[in-house]
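Structure, as structure tokens:
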Amino acid sequence: MQSRVARDATMTVEGLVDWRGRPVNTKWHGGVRAALFLHVLVVLMHTANIANLMNLVSYLHGTMHMGVARSSTIATDFIGAMSMFSLVGAFISDSYIKRFHTMLIFAPLEILGYGLLTIQAHYQSLHPAQCDINKENNNCVEVHGFNFVLLNIGLYTVTFGEGCLRGCIAPLGGDQFDDDDPIEQRQKISFFNWYTFAISFGGFLGLIFVVWVENNKGWDTGFALCTLLVFTGLIVTACGFPFYRNQIPTGSPLTRILQVFVAAYRKRNISLTDYRVSEEVSRTRGFRFLDKATIDNGEKGDWSFCSTTQVEEIKIILRMLPIFLSSTVGYLPFSLLMTFTVQQGGTMNTQLGKIHISPASLFVIPITFQMVTLVIYDRMIVPLLRKLTGYPGGITHLQRVGIGFVFAAVATAVAALVETKRKKVAIDHGLIDSSTGIPMSVFWLGLQFFFLGIIDVTSFVGLLEFFYSEISTRMKSIGTSIFFCILGLSAWLSSFLINVVNKVTRNGEGKGWLDGANLNKSHLDRFYWLLSVIGLLSFLNYAYWANKYVCRYNPGIVTEDVERSKRETDTI
């Protein structure tokens, strides 16, 4: 009994409390039961969002009459903004209010955004006049003026609400498990695998049902369905509030970061050999100039004297910076494959017997593979690798990420080969001027979708776990958001790359590789080969920095002696 009380007290010291601010009871609060409520929200939220992320290009191109390059750019900007806004939710939840309360504030904004998109899609006067852009691409008027403004308000209200939720859900789920408990340590690793599974399962449902509704019952009905899904997810998550372990906000992490730099600068002329250790925390090598912030020269105040723990928090972030930058470039092929593959599919034969398959629904292929792989990996491969390597996840987070980046280069090479064949079929059948009807099955895209699934199983989960585990306890939401920023910056970098490639490759007619509304007259195959080279080089760059990185903790599992002790304690 004393051991159990001691454990509860330890969690209180770490800043974990129940919804009333009282010390958590590990038998009642946290664990798998609490995480299940979050998984429901993740499933319903991504049923709406992944369907629209994949199908947005079709909406912008077919309904709003945007060209190939612009619709892809807006779609990738949408993805990027959604990821970057996670920093807002992370900053607020780490600094001022609990993560659960942050979710209750920002989820209604996502619901509002889908409501605005529903209204615009419903009223013909709020989008361009009807026109078949695939047959009359030179005569269709692109969305402009107030309608374009309304479109962006709706899209970015969704991204803001969704982004802030992303910054809270994963760290709140991680809070439900205690790393000092060997059983909960393993449950936390499984949580991130199942968190990714929930995203995939939501995407699976969305790409089958939501995309079908949008394409067959109308975009207004589809967006209305998304509004209902997110609202339902919010209600279910709110019902789990009595079971959550909540991290108490500890003040602005940005302020603590600035305090270290200011204090170190003020003492820049003092030798490090003259300081006294401010507390019993081991100092790490590197960035020694920051250690000057801990020199006790008599000056007091948060901007003159910092703790060793505070300085080490900043060092962790600086050490992760090369991983962050190299991963941003490594994820570049993934962002572009997601958008252009949908446009490729729209030109091909999408019939499966008498059933019409939407190009966006093809992402069911990598998502299905991803879900199956995640279950096999979590339940079979990880336990086996854990015995061989001693790592809780079987392999290290950085090794898992690297595997995904290798497949990113392979996926774009395969995509280039498929696109070369698709264009050849279009030329052979005299369909070079047509945007649809190419007699080549859309399932030729299945192989590149297959590799996209591998990237998500490896790099997505690996990066999420890496940044969550490496960051300090008081900045867990920020750590998770750093991961989402990789996705966001990669998406924005994708848009930048499209524009640069178009300018560099512009011919005498003023068109680059990806200009125009007709994909058959573009050079997407060449662009994919360029991405494959970029992917290979980015993997080599990532491998260099990952090999140099030293984790701040021992990644080995809790020893059997500790686990045996834990079992004995639980029987008292």
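None of the values given here were measured: they were computed from a predicted structure.
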F191 and F177 aromatic ring geometry - parallel, tilted or perpendicular at 30°/60° bounds: tilted

F243 and W28 aromatic ring geometry - parallel, tilted or perpendicular at 30°/60° bounds: tilted

Close side-chain approach of L463 to F484, heavy-atom, < 4.5 Å: no

Contact check, side chains of L374 and V461, non-hydrogen atoms, under 4.5 Å: yes

For the student: nearest non-hydrogen atoms of S532 and A409, plus distance: OG-O, 3.1 Å

Donor-acceptor contact present, side-chain Q176 to main-chain L172, <3.5 Å: yes

Inter-residue atom distance L44.CG - L229.CG, 0.5 Å rounding: 6.0 Å

Partners meeting side-chain contact (heavy atoms from CB on, under 4.5 Å) with I317 (sequence neighbours left out): I257, I471, M475

Minimal non-hydrogen separation, V329 against S538, with atom names: CG1-CB, 3.6 Å

Atom OH of Y156: over 12 foreign heavy atoms under 6.0 Å: yes

Side chain to side chain contact (heavy atoms under 4.5 Å, CB included) partner of E110, chosen from L234, T157, N49: N49

Whether T159 side chain and M82 backbone form a donor-acceptor pair below 3.5 Å: no

Test item: L337 and T412 side chains (from C-beta on) under 4.5 Å apart, heavy atoms: yes

Whether F287 and F289 hold their rings parallel, tilted or perpendicular, with breakpoints at 30° and 60°: perpendicular

Donor-acceptor under 3.5 Å (R166 side chain, G163 main chain): no

Nearest-0.5 Å distance, CZ of residue F466 to OG of residue S327: 8.0 Å

Member of R245, K98, R99, K188 meeting the salt bridge (Lys or Arg N to Asp or Glu O under 4.0 Å) criterion with D175: R99

Gap between atom OG1 of T47 and atom CG of N52 - 0.5 Å precision: 11.0 Å

Contact check, side chains of S86 and T480, non-hydrogen atoms, under 4.5 Å: no

Pair I199-F460, side-chain contact (heavy atoms from CB on, under 4.5 Å): steps then yes or no: CA-CA 11 Å; I199 293 175; F460 185 95; 3.8 Å; yes

Flag side-chain contact, heavy atom, 4.5 Å: L497 against L336: yes

Side chains of V457 and T196 in contact at under 4.5 Å (non-hydrogen atoms): no

Distance flag, aromatic centroids of Y468 and Y195, threshold under 6.0 Å: no

Whether S83 side chain and C485 backbone form a donor-acceptor pair below 3.5 Å: no

Interatomic spacing from CD1 in I314 to CZ in R256 - rounded to 0.5 Å: 7.5 Å

CA sep, side-chain torsions, deciding dist, call: K267, F305, side-chain contact (heavy atoms from CB on, under 4.5 Å): CA-CA 10 Å; K267 301 171 184 177; F305 179 75; 4.0 Å; yes

Any side-chain heavy-atom pair of I92 and V88 under 4.5 Å: yes

Set of side-chain contact (heavy atoms from CB on, under 4.5 Å) partners for T328, sequence neighbours left out: F324, I486, L489, S490

Close side-chain approach of I105 and I97, heavy atoms under 4.5 Å: yes

Over all atoms of both residues, closest heavy-atom pair of M103 and P108: O-CD, 4.4 Å

Trace of the side-chain contact (heavy atoms from CB on, under 4.5 Å) decision for F197 with V372: CA-CA 9 Å; F197 180 90; V372 172; over 6 Å; no

CA sep, side-chain torsions, deciding dist, call: I376, I381, side-chain contact (heavy atoms from CB on, under 4.5 Å): CA-CA 6 Å; I376 294 174; I381 298 177; 4.2 Å; yes

F78, CZ atom: more than 12 neighbouring heavy atoms under 6.0 Å: yes

Contacts of type side-chain contact (heavy atoms from CB on, under 4.5 Å), residue S459, not counting sequence neighbours: Y331, V401, F405, I455

F201 and F204 aromatic ring geometry - parallel, tilted or perpendicular at 30°/60° bounds: parallel

Distance-minimising heavy-atom pair for V42 and A198: CG1-CB, 3.7 Å

Closest approach of G206 to A51 (non-hydrogen atoms, all atoms of both residues): O-CB, 3.5 Å

Minimum-distance pair of heavy atoms, taken over all atoms of S481 and G167: OG-CA, 3.6 Å

Cationic N near anionic O, under 4.0 Å, R400 to E465: yes

From CE (M320) to CZ (F483), nearest 0.5 Å: 13.5 Å

Distance in Å, L398 CG paired with K548 NZ, rounded so as to fall on 0.5 Å steps: 14.0 Å

